[in-house]
Amino acid sequence: MAKKYDVIVVGAGPAGLLAARAAAESGMDVALIEKKKDPAKLTRACGQTLVAMNERLFGNLCNYNPRDKMIAFSGDGFSARYDGPRQNVYAVLTHSPDGHRVTLGDPSVQRQKGDAGRVAMTFDKEALFRQWLDDVKALHADVFSGTLVEHVEPQADRVVVEGSGRTFEGSYVIAADGVNSVVARDAGFNEKRTYYCNLYALAYEASGVRPPVWDAIVRVGDWIEGKYSSLFIIPRFKEGDSLLILITTDPRSDLETALEYYSTKAFCAPWFKDAKKVRRWAAGASCYSPIEEPYKERILVIGDAAATQELENSGAMLSGWKAGQAMATAVLEGKVDQEVRGIADYISWWQATYIRGVSPADYIKSFAAPIVFENAENVNFFYGLMSGTYPPSYNPYSSPTAAAMKKLVPILQQQRPDLLEKLKKRALPAAQLYAEITRISKPILTED
Amino acid sequence: MFKKYDVIIVGAGPAGLLAAKAAGENGLDVALLERKSDPTKLTRACGQTLISMNEYFFGNLGYYNRRDKRICFSSAGFSFRYDGPVQNNYNLNLITPEGHWVRFGDYAVQKAKGDNGRIGLSFDKEALFRSLLEECKACHVDVFGGVLVDKVTLKTDRIVVEGSGKSFEGTYCIAADGCNSKVAEVMGMNDNRYYFCNFIGLSEYVSGIQGPEPDQIIKLYAHLKDGSPHYYLIPLFNPGEFNVLTVTVDPRVNLDNAAHWLRQGSVIKDWFKKAKVTRRFAASCACYSPIKDAYKDRVLITGDVGSTQELEIAGAMISGWKAGQAVSTAVRENKIGIEVNGVSEYTKWWLDTYINYYSHEAYMRGMTLPYILRNEEEIEAVYGLIDETLAPCWNPYTGSKAMAGAMPKALSLLEKTRPELVQRLRRGREAHPKDLLAEITAISRPPGN
């Protein structure tokens with residue numbers, strides 16, 4: 001007969017690894033199930049960045065302690081070791097198609113403050129995976145790789161989890177299988193969600209990249225053959241080494257063509273004169289409204305699996321840790337005959353911190369520039385008015401330019417009332433804003 | 001010039017050690033100051049148990065993960081290593097002067113459940129100190145032994161902490177120097193507290209005890225010539241070995257004589273025929289009403305410092321961890337230059353979790369029994385009536401609830417025969433403990449005065 005686990009965690013990303021560690025530290029019998037044959041290998045495009053390190057996000061001021069090599073979340077009171085390479089990010093530079101620039105944070109000022117001046121920190125996700133896998137194994141969690149979970153079957157006192165010809169039984173399941181979660185879909189959690197679109201990403205690790213500021217996040221966006229995409233240049237661990245991430249919500253967009261354009265024809269082409277591609281990843285993410293009630297029938301959906309596209313790495317880590325502890329609490333409550341409130345505590349945290357604490361709709365709307373502006377010339381004009389330096393921030397939920405944008409209203413009223421009208425579209429509900437894209441998109445069911 | 005620390009933690013008990021570990025993990029420069037020259041040595045009497053393992057306490061179901069040797073608080077979301085000896089405690093038994101047992105939890109039933117049936121867990125505090133100190137040092141906490149802090153001075157941007165001829169500077173200070181906290185005293189944080197009495201105790205490791213099961217807790221009350229002590233036998237790690245605690249709030253009680261009486265004159269004296277005392281500790285704790293505002297002038301209080309006598313070890317651990325994390329948040333907020341919320345989040349937690357959730361009056365009420373039932377005959381008359389097994393419980397705040405279920409039956413029997421006892425028991429439930437302890441308060445003085 002199969003071993004019955006206390007907790008089965010599906011997915012060994014940042015959320016799943018921390019859920020498994022938290023539950024195992026608390027003495028639970030944990031199975032961690034991962035689709036990839038080598039769980040330490042990164043196979044999907046990812047920014048590999050901890051965002052919002054100079055402001056609170058999800059109740060925490062995320063920190064990296066370089067002395068002891070720990071990623072620390074003091075708001076929720078836990079940390080996780082990470083001794084791989086890292087790079088502070090001091091500013092965010094966003095460019096219009098013709099090169100006008102909006103800068104969040106003065107890089108030289110922020111750089112001088114050192115760690116206290118960073119807005120974000122990049123890391124190597126494979127190094128992180130390796131360490132966190134070691135941590136969970138040291139805590140006696142059973143790790144099953146090469147297992148794609150396809151079906152979960154709730155029963156009265158357990159859940160049966162099936163995939164890749166294997167069967168597992170556990171008291172509870174934590175679904176941490178990411179943005180295109182099979183568990184969430186199979187267990188019916190997606191039925192009440194609004195589907196917006198997909199976010200497609202293509203990532204290259206590259207060397208010899210020379211953006212205007214290397215230790216900043218540098219963004220460029222443009223319409224290429226009529227389809228919008230944007231390029232993020234994210235610093236890696238030595239000057240010139242960058243992650244190039246192209247993203248689009250338009251299923252007709254060809255991201256390889258876009259990269260070719262940015263690196264050879266756009267205003268930013270000189271940055272790529274000596275650039276060399278080192279490694280390639282792709283990813284597609286279904287974007288839905290979030291899961292507001294992430295628990296039913298012994299299944300708790302966490303991390304990106306329950307979010308609009310993503311929670312950022314730090315949100316995934318937080319929700320993973322919280323979920324692992326909540327499950328441990330629930331199991332212990334069952335064992336000593338106390339009222340079970342561990343899961344309810346997690347749900348109220350999730351709703352207070354994510355559903356109500358930030359605006360998931362604003363998150364998806366942050367990709368709506370092409371829908372709002374409609375063409376490059378409008379963006380150029382707007383960035384021409386906006387160009388300048390604003391408070392340091394790299395956080396999808398905060399808008400340090402909002403005050404400046406408000407001041408532009410009278411100018412736009414006078415010079416470009418048509419553009420002002422277009423900008424008002426941002427107030428539309430996400431589903432309405434994305435209606436055109438939604439029509440030509442369909443949720444991603446399986447990748448690879 | 002001095003090194004300026006981010007936080008200076010005064011006291012390396014469970015609260016201080018966990019505060020230091022939390023702050024160290026967050027990258028803070030931490031100084032941990034301990035009065036004892038060897039911080040791993042236990043010098044004060046202590047029950048050395050994690051209580052309330054089957055009930056929520058301080059918002060957590062405390063748990064010991066035997067497999068990975070970790071003490072876990074899953075609601076607060078942290079755990080830490082403890083690889084010393086442990087012993088489950090399966091029930092608590094109050095033995096009356098004539099030898100009647102009132103049981104909190106059926107021993108056999110609880111024991112059959114194994115770890116899920118324990119109400120408490122005995123551990124070795126010195127082993128805990130050793131492993132937590134190791135964890136603190138691993139995250140670069142500077143530990144200073146032999147420093148008795150007796151002066152704290154607030155400067156504009158820092159706090160200066162002095163003692164034993166040494167001086168330390170820090171952005172914040174966490175006071176974790178226990179129930180007789182010098183830091184709280186010199187900061188004036190005791191000024192608005194109500195003083196009840198001192199809780200004094202003698203702890204003796206006794207081996208060769210024959211009688212109780214090796215994993216049950218025994219409690220007795222006595223009325224001796226010089227006053228009223230009570231006793232706990234808490235299992236240690238070898239069969240027949242117990243931590244025997246002789247405690248009282250009455251300063252007139254001679255604890256040595258009281259401990260001797262347990263072995264020579266009490267109803268359980270036969271258990272001690274072959275007993276040997278292997279180690280002894282004493283302690284005295286000032287009992288005040290708690291400190292409501294856990295922060296003043298760059299000082300956060302944690303653990304027993306701000307509590308009525310004690311928070312139990314679990315409460316000290318949780319509040320220490322929270323305080324260390326809170327200071328980490330505050331230091332980072334300062335460094336980045338954003339609004340500082342870390343400290344107020346801790347003070348709010350302290351209010352919600354301790355001050356507003358637990359009744360310190362109920363805690364003190366637990367010490368008033370000898371002044372309600374004033375001799376052994378009266379104790380027998382009441383507790384001798386309780387035959388049923390009460391709920392398994394080892395928690396100073398809910399223990400009276402476990403007892404409350406059995407009391408109406410006992411009281412109705414006593415109503416006719418001993419109306420004066422019923423009257424007094426009622427007063428014991430309703431009167432403020434400061435009134436119940438008034439005669440003790442009158443003859444007591446807080447340590448240091």
Side-chain angles (χ1 to χ4, degrees), chain A residues 21-29 53-56 59-81 113-119 138-141 318 321-322 324-339 341-342 345 392, chain B residues 21-29 53-56 59-81 113-119 138-141 318 321-322 324-339 341-342 345 392:
Chain A
R21 191 189 125 202
E25 277 191 5
S26 292
M28 300 297 110
D29 282 329
M53 294 192 73
N54 62 333
E55 55 196 308
R56 290 227 183 184
N60 284 260
L61 189 51
C62 174
N63 188 25
Y64 182 72
N65 163 6
R67 181 188 63 201
D68 306 298
K69 305 191 189 306
M70 313 275 272
I71 297 169
F73 294 94
S74 57
D76 279 298
F78 73 99
S79 57
R81 72 196 176 103
K113 297 186 204 163
D115 288 353
R118 65 184 162 208
V119 297
L139 291 160
H140 303 91
L318 281 165
W321 185 259
K322 288 271 181 187
Q325 297 286 3
M327 280 304 175
T329 304
V331 170
L332 293 175
E333 286 166 330
K335 287 183 176 171
V336 296
D337 284 333
Q338 290 279 312
E339 185 198 344
R341 61 192 209 200
D345 287 349
Chain B
K21 175 172 145 72
E25 284 186 4
N26 278 285
L28 265 52
D29 283 327
M53 304 283 284
N54 61 332
E55 292 180 73
Y56 269 92
N60 285 260
L61 265 182
Y63 183 70
Y64 182 67
N65 166 2
R66 228 175 249 282
R67 180 188 63 200
D68 303 297
K69 304 189 190 308
R70 301 185 75 86
I71 293 172
C72 308
F73 297 100
S74 58
S75 294
F78 73 101
S79 66
F80 52 91
R81 207 172 151 70
K113 295 187 208 164
D115 286 352
N116 302 327
R118 65 186 164 207
I119 58 171
C139 52
H140 299 88
V141 171
I318 296 165
W321 183 257
K322 289 271 180 187
Q325 297 287 357
V327 163
S328 303
T329 303
V331 166
R332 287 257 305 142
E333 286 167 331
N334 276 312
K335 284 185 181 166
I336 292 167
I338 56 178
E339 196 189 338
N341 291 313
E345 284 161 7

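From a predicted model like this one, the values you see are computed outputs, not experimental measurements. Just so it is clear, the values below take in all heavy atoms, side chains as well, and ignore hydrogens, waters and symmetry mates.
In this structure the side chain of Arg332(B) never reaches within 4.5 angstrom of the side chain of Asp115(A), judged on heavy atoms. Contact of the Phe73(A) side chain with the Leu318(A) side chain is registered, since non-hydrogen atoms from C-beta on lie closer than 4.5 Å. By the 4.5 Å heavy-atom criterion applied to side chains, Glu333(A) and Glu339(A) are not counted as neighbours. At a threshold of 4.5 Å between non-hydrogen side-chain atoms, the residues Arg118(B) and Tyr63(B) count as touching. For the pair Ile318(B)/Asn60(B), a side-chain contact is recorded, criterion being any heavy-atom separation below 4.5 Å from C-beta on.
Contact count versus chain A (heavy atoms, under 4.5 Å) is highest, among Glu345(B), Lys113(B), Met53(B), Arg66(B), for Glu345(B). With chain A as partner, the option from Ala22(B), Ala326(B), Gly24(B), Gly117(B) having the largest number of non-hydrogen pairs under 4.5 angstrom is Gly24(B). Of the residues considered (Val327(B), Asn65(B), Leu28(B), Asn341(B)), Asn65(B) shows the highest number of contacts with chain A, using heavy-atom pairs under 4.5 Å. The most heavy-atom pairs under 4.5 Å with chain A, out of Trp321(B), Phe73(B), Tyr64(B), Phe80(B), come from Trp321(B). For the set Met53(A), Arg67(A), Lys335(A), the count of heavy-atom pairs under 4.5 angstrom toward chain B peaks at Arg67(A). Of the residues considered (His140(B), Glu55(B), Glu339(B)), His140(B) shows the highest number of contacts with chain A, using heavy-atom pairs under 4.5 Å. Annotation: maximal heavy-atom pairing with chain B below 4.5 Å, among Gly77(A), Ala328(A), Ser79(A), occurs at Gly77(A).
A salt bridge between Arg67(B) and Asp29(A) is present, with a side-chain N of the basic residue lying under 4.0 Å from a carboxylate O of the acidic one.
A distance of 9.5 Å separates NZ of Lys322(A) from OG of Ser75(B), quoted to the nearest 0.5 Å. Between the CD atom in Gln325(A) and the CE atom in Met28(A) there is a gap of 9.5 Å [rounded to 0.5 Å]. Atom-to-atom distance recorded for Asn26(B):CG and Thr329(B):OG1 is 7.0 Å, nearest 0.5 angstrom.
When all heavy atoms are compared, the tightest approach of Asp68(B) to Ala138(A) is OD1-O, 3.9 Å. Considering every non-hydrogen atom in both Asn54(A) and Ile336(B), the closest pair reads O-CG2, 3.6 Å.
Of the two parts of Tyr56(B), the backbone and the side chain both hold a non-hydrogen atom closer than 4.5 Å to a non-hydrogen atom of chain A. In this structure, no portion of Tyr64(A) lies under 4.5 Å from any heavy atom of chain B. Heavy atoms of Ile71(B) lying under 4.5 Å from chain A are absent altogether. For a residue to count as touching a neighbouring chain, one of its non-hydrogen atoms must lie under 4.5 Å from one of that chain's; by this rule Glu25(B) touches chain A with backbone and side chain alike. Both the backbone and the side chain of Leu61(B) come within less than 4.5 Å of a heavy atom in chain A. The part of Arg70(B) that comes within reach of chain A is its side chain, from C-beta onward, which places non-hydrogen atoms under 4.5 angstrom from that chain. Contacts of Ala24(A) with chain B are made by both backbone and side-chain atoms, with heavy-atom separations under 4.5 Å. In this structure, the portion of Gln338(A) lying under 4.5 Å from any heavy atom of chain B is its side chain and not its backbone. There is no contact between Asn334(B) and chain A, counting heavy-atom distances below 4.5 Å. If you measure heavy-atom distances from Glu333(B) to chain A, the contacts under 4.5 Å come from both the backbone and the side chain.
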